Amino acid sequence: MAMDSNTGGEEFGIGWFLSIKTTLGDEFEGQIITFDKASNILVLQEGSKTGPRRNIRLLKANHIKEFTLLGQGEDPLDINNCYVDLNSVQAKEESAIRQAEVEAERIGVGVSNEAQIIFDALSKTLPVRWDKTAIVVMNEVRVSSPYLPENVSGGTPAANERVKKVLELQRKKLHTPGQ
C-alpha cells in the first residue's frame, strides 16, 4: 500500500514498518519509534533487525517522497522488549575510564604551558611521562625545568643526545614568530 506524504495530516503509527523514499533520493526501511507532530519529525529504527545494535534516523516528514506500509510491529520502546547488554556497557565504561586515565597522565601538574608543549612534542617520537615537574624520557633521561638542553640528565649518551636534539628543535619552533 503506497501512500503519498503530501496528502497532509498523516499520522504515523508507532511500531509500523515502512519502506521510505525521501525527496533526496534515499531509500530505506525502518520501524517507527515515535512521531512528533509539532516538529513533524519521525524517529525510525532502520532495518527490521533486533538486538543490541540499531541505527536510528530522524527524518522530517515533509522530506518523505513516498512510503509503503510493510506491516505492524510491537512498540520498539516497550520496556519488556528492550535489551541492554550490561557486559558490553561495563566494558565500554572501563575502556573509557582507562583512556581518560592515560590522557590525564599526559597532562603535567604545576608546569608551564611551554613545558606541556615540549612534553607533547617529545611524546610524538619518544615514550615520555611526568615525574612531578620533570619529563622522563624512555624511563631513563630526565628533563628538568626550565626544560633547556643543559637540563637534560641521565640515560645513555646516545639517548641523552637524542633528547637534547628534539628539545632544541622544539625550542626553536616555540620561539620562531608565526608558529
Side-chain angles (χ1 to χ4, degrees), residues 20 22-31 33-34 36 38-47 49-64 76-77 82-179:
I20 296 176
T22 69
T23 57
L24 300 174
D26 290 340
E27 294 184 30
F28 65 95
E29 292 181 1
Q31 183 181 23
I33 293 176
T34 190
D36 181 51
S39 64
N40 202 30
I41 292 180
L42 194 59
V43 180
L44 299 139
Q45 174 182 294
E46 286 191 73
K49 77 173 196 164
T50 58
R53 292 188 167 247
R54 300 176 182 167
N55 289 331
I56 303 296
R57 185 182 288 220
L58 281 73
L59 180 66
K60 288 284 257 184
N62 57 331
H63 287 200
I64 297 174
L77 299 179
C82 289
Y83 170 75
V84 176
D85 181 357
L86 291 179
N87 291 332
S88 175
V89 171
Q90 288 170 336
K92 285 181 183 180
E93 177 188 35
E94 289 169 7
S95 175
I97 289 170
R98 281 193 303 275
Q99 183 64 32
E101 288 170 347
V102 166
E103 290 173 10
E105 288 176 4
R106 298 181 51 77
I107 300 171
V109 177
V111 299
S112 67
N113 187 42
E114 187 175 84
Q116 186 65 52
I117 291 169
I118 291 168
F119 178 93
D120 293 341
L122 288 168
S123 73
K124 289 179 182 176
T125 57
L126 301 166
V128 294
R129 65 178 169 82
W130 286 105
D131 180 18
K132 298 182 179 149
T133 60
I135 301 171
V136 180
V137 185
M138 299 179 291
N139 284 328
E140 56 180 289
V141 180
R142 293 179 68 81
V143 183
S144 302
S145 183
Y147 312 101
L148 299 168
E150 54 267 21
N151 301 110
V152 175
S153 62
T156 64
N160 196 297
E161 287 304 312
R162 169 102 171 114
V163 171
K164 284 181 181 180
K165 187 173 184 176
V166 173
L167 190 57
E168 286 172 356
L169 289 171
Q170 187 56 40
R171 285 215 155 268
K172 282 182 186 174
K173 282 183 182 177
L174 279 172
H175 297 292
T176 302
Q179 289 291 324

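Side-chain atoms are counted along with the backbone in the values below, which use heavy atoms only and exclude waters and symmetry mates. Not measured: the values here are computed from a predicted model.
Residues I33 and Q45 approach most closely at CD1-CB, 3.8 Å, considering heavy atoms. In this structure, N151 and S145 approach most closely via the heavy-atom pair ND2-O, 3.8 Å. Scanning both residues, V109 and T133, for their nearest heavy atoms gives O-CG2, 4.1 Å. Between M138 and A159, the shortest heavy-atom contact is CE-CB, 3.4 Å. Between R57 and D26, the shortest heavy-atom contact is NH1-OD2, 3.8 Å. For K164 against P149, the heavy-atom pair with the smallest separation is CE-O, 3.4 Å.
We find the CZ-CG distance between R171 and L148 to be 4.5 Å, quoted to the nearest 0.5 Å. Atom CG of L58 sits about 6.0 Å away from atom CD1 of I41, to the nearest 0.5 Å. The CD1 atom of I20 sits 13.0 Å away from the NE2 atom of H63 when rounded to the nearest 0.5 Å. Atom-to-atom distance recorded for L174:CG and L169:CG is 11.5 Å, nearest 0.5 angstrom. Here L44 contributes atom CG and N55 contributes atom CG; the two are 11.5 Å apart, rounded to the nearest 0.5 Å.
In this structure, S95 contributes its side chain and K92 its backbone to no donor-acceptor pair below 3.5 Å.
Residue pairs satisfying the salt bridge (charged side-chain N to carboxylate O under 4.0 Å, His left out) criterion with at least one member in residues 97-111, sequence neighbours excluded, are absent. Listed by first and then second residue, the salt bridge (charged side-chain N to carboxylate O under 4.0 Å, His left out) pairs that reach into residues 138-148 are D131-R142, sequence neighbours excluded.
In this structure the side chain of L122 reaches within 4.5 angstrom of the side chain of I135, judged on heavy atoms. Counting only heavy atoms from C-beta outward, the side chains of L126 and V141 never approach each other to under 4.5 Å. Contact annotation: the side chain of V143 never approaches that of V128 to less than 4.5 Å [non-hydrogen atoms, C-beta and beyond]. In this structure, the side chains of L59 and F28 come closer than 4.5 Å at one or more pairs of heavy atoms.
For the pairing with R162, the side-chain contact (heavy atoms from CB on, under 4.5 Å) check across T156, V152, T125, L167 returns one residue only, T125.
Using the six-membered ring where Trp is involved, W130 and F119 have ring planes that are parallel, under 30° apart on the 30 and 60° scheme.
Shown here is K60, whose NZ atom has more than 12 heavy atoms of other residues, nucleotides or ligands within 6.0 Å.
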